[in-house]
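In what follows, chains carry the letters A, B, and so on, assigned in the order in which the sequence lines appear, proteins first and then strands, with residues in each chain numbered from 1. Worth knowing before you read on, the calculation uses all heavy atoms, side chains too, and leaves out hydrogens, waters and symmetry mates.
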Number of protein chains: 2
Amino acid sequence: MMTETMRDRNGLTEQEFLQRYDASIYERPSVTVDMLIFTVFDKEQVNYRKLPEKSLQLLLIKRGEHPYLGQWALPGGFVSMRESIEEAAQRELKSEANIENLYMEQLFTWGDVARDPRTRVISSSYMALVDRTALDVKAGDDAEDARWFEVNYQVFQEKKTILEGGYEFERLIKITLKHEAELLTATVKITTTITGRTRRISREIVGSHGLAFDHAKIMDYAIERLRNKIEYTDIAFHLMPPLFTLSELQQVYEVILGKELLAAAFRRKLAPMVTETNEFTKDAGHRPSKLYRFNPNWENT
Amino acid sequence: MMTETMRDRNGLTEQEFLQRYDASIYERPSVTVDMLIFTVFDKEQVNYRKLPEKSLQLLLIKRGEHPYLGQWALPGGFVSMRESIEEAAQRELKSEANIENLYMEQLFTWGDVARDPRTRVISSSYMALVDRTALDVKAGDDAEDARWFEVNYQVFQEKKTILEGGYEFERLIKITLKHEAELLTATVKITTTITGRTRRISREIVGSHGLAFDHAKIMDYAIERLRNKIEYTDIAFHLMPPLFTLSELQQVYEVILGKELLAAAFRRKLAPMVTETNEFTKDAGHRPSKLYRFNPNWENT
DNA sequence: TCAATAGTGTCTATTAGACAGTATACC
DNA sequence: GGTATACTGTCTAATAGACACTATTGA
């Protein structure tokens, strides 16, 4: 099909049409990316015997400008005309966490009319998972006021209402972000309405302290996705250092899923994804643990 | 935190800042929505005994303007400044298929720099599932040259290359769209690269006949998502009429998954999602089949 | 009667959950 | 020796796959 030589109703070829095309006549939104950069830290060790607890951490930036001056926001920025959305996300990741070549995934594009008070802003959110040992220590501690916050995610109310031919399901999620004395909280209401042949999910921020824009909503979405995907993919390994013990791996799963797992079943399920090494942990105050590495070929063996 | 009264480095309050904010100084992309509207049709009945086969159908529109004049594209349009992306998608759905209140889900936002030859266009794709019996028959047959195309999706080559610390996996997908004499084809190459701690998936169109823009890529993504989600959610019911037989339901699963299923296991698995009625099919040329309806409450019983 | 679909029963294989029990370092 | 974690074995429950077998209609 030679569209190059076809003429439209004005008698123009494609080339002629494109030369005359004026994109400036329409008003256009701004497009940004918002990055959800997660990692896992060890908390303080309680005593020489206890394993240190793990915590899920999210990188936030203190806003130095209006709007939401002084509040905390997801790192991100405008997508320029000469880069793809993906490239913009990579660029932000590099500039905020100084990390390249890691796991990154587009989550959702947020397009409510009034989500930014400045102007119409449409934002694609990306989730990135990084291994804390590969992190540039500078990042998260520079002049830009970037900080790692410990994430807590909790469903604290569920309500089901039966409707004619379906039901409405309401969940209240409480998200808490902590960095030293700084404590940010947000409550997000997720409403799932199912009636007849329709299903609609809406997310609404019902309370937010210290968090800018609609970022609590985006965090909620991201954590939900992370919790889901960790169950049926191998993305958790992007949070791990090259060598790790199965107990550490289990701790990472537990902190993300927010529940305890049984060691036997966990090991059985993850066995095909890892390769054992001959190395062990040392100075543990208890039986040493074998170190493993990720086996990228696990799916087809 | 009273951000309303805080002043920034220029001594402005948030309100003053917003009043002076000039969004026009940055160049901005256009934002559009692309709709993947799927339904299922019965094909011709071979003889009075055989059940009619089902086919998965996708709504496409013949382009009446440059670029890609004369080729077929996904329905869609620009997101205006006064509507959310979601509202734009709903509006397109209403205008193309004359359907409101149905299943719709955001898939992915495509943001390559040169995906539209006119100007920088970022596009959010939405998948909608409709029941053909609820369809306005006019839709898909109007002046706009909208047509339902039968979708065929086939993996026709898989190649795995072991790399140091990982592998590269390449799949070639052939998508065929058929409406009477019109036959559109496209080949999409999906490359998954896993090395060390990175995983990257890229999609590339390696051949496309009659399909506009990068829409073959978007279709590939949508069909993959549809295949995935039908296995662990109840979205398939949005493709069904209010009353249906379990065999029809199974046919819908089979045509989407591209493989045959065992009836016993299928019925066991779907039993909780449906409620039986006292009605039966008639004039079937074989044993009549009980009619069922969707049970929206299946998840919590 | 028979072609074609509708629907059920049951055996097997696989996987997840539960939990007891053994192993082993360091202080 | 005692404490805390590391790791394994095994019973059970739940689920998916395979397939045979019975049921029922219209022409």
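- With hydrogens and angles ignored, the 3.5 Å screen pairs no side-chain donor or acceptor of S55(A) with any backbone N or O of K43(A).
- One can place CD of E279(A) at 17 Å from P of dA6(D), the figure rounded to the nearest angstrom.
- Residue L262(B) contributes atom CG, which lies 10 Å from atom C1' of dA16(D) at whole-angstrom precision.
- Toward the 5′ end of DNA chain C lies the nearest nucleotide of A265(A), the other residue of the pair K282(A) and A265(A) mapping further downstream.
- The one candidate from F294(A), W298(A), Y103(A) that meets the ring pair (Phe, Tyr, Trp, His ring centres under 6.0 Å) condition with F237(A) is F294(A).
- Nearest to the side chain of A264(A), among dG7(C), dA16(D), dC19(C), sits dC19(C).
- When distances run from any side-chain atom of Y48(B) to the nucleotides dA27(D), dT8(C), dG17(D), the shortest one goes to dA27(D).
- Looking at heavy atoms from C-beta onward, I201(A) lies out of side-chain contact with T191(A) at the 4.5 angstrom threshold.
- Rounded to whole Å, atom C1' of dA18(D) lies 13 Å from atom CG of L261(B).
- Nearest to the side chain of L51(B), among dA16(D), dA6(C), dC7(D), sits dA6(C).
- In this structure, R267(A) places its CZ atom 19 Å from P of dT15(C), rounding to the nearest Å.
- Computed from coordinates, the K259(A) NZ to dA18(C) P distance equals 10 Å when rounded to whole Å.
- The minimum heavy-atom distance linking P296(A) with G166(B) is given by the pair CB-CA, 4.0 Å.
- Side-chain atoms of R268(B) come within donor-acceptor range of the base of dG17(D), with a qualifying N/O pair under 3.5 Å.
- The base of dA25(C) has none of its N or O atoms less than 3.5 Å from a complementary donor or acceptor on the side chain of R287(A).
- If H286(A) and G285(B) are placed on DNA chain C by their nearest nucleotide, the residue sitting closer to the 5' end is G285(B).
- Taking both residues in full, the closest heavy atoms of E254(B) and L261(B) are given as OE2-N, 2.9 Å, listed atom of the first, atom of the second, then distance.
- Here dT8(D) presents its P atom at 9 Å from CG of L246(A), a figure rounded to the nearest Å.
- Taking 4.0 angstrom as the limit, S247(A) places none of its side-chain polar atoms (N or O) nearer than this to OP1 or OP2 of dT5(D).
- Taking atom CD of residue Q250(A) and atom P of nucleotide dC7(D), one finds them 11 Å apart after rounding to whole Å.
- Spacing between atom CD of E231(B) and atom C1' of dG17(D) amounts to 14 Å, rounded to whole angstrom units.
- For S289(B) and dG7(C), the shortest distance from a side-chain N or O to OP1 or OP2 is below 4.0 Å.
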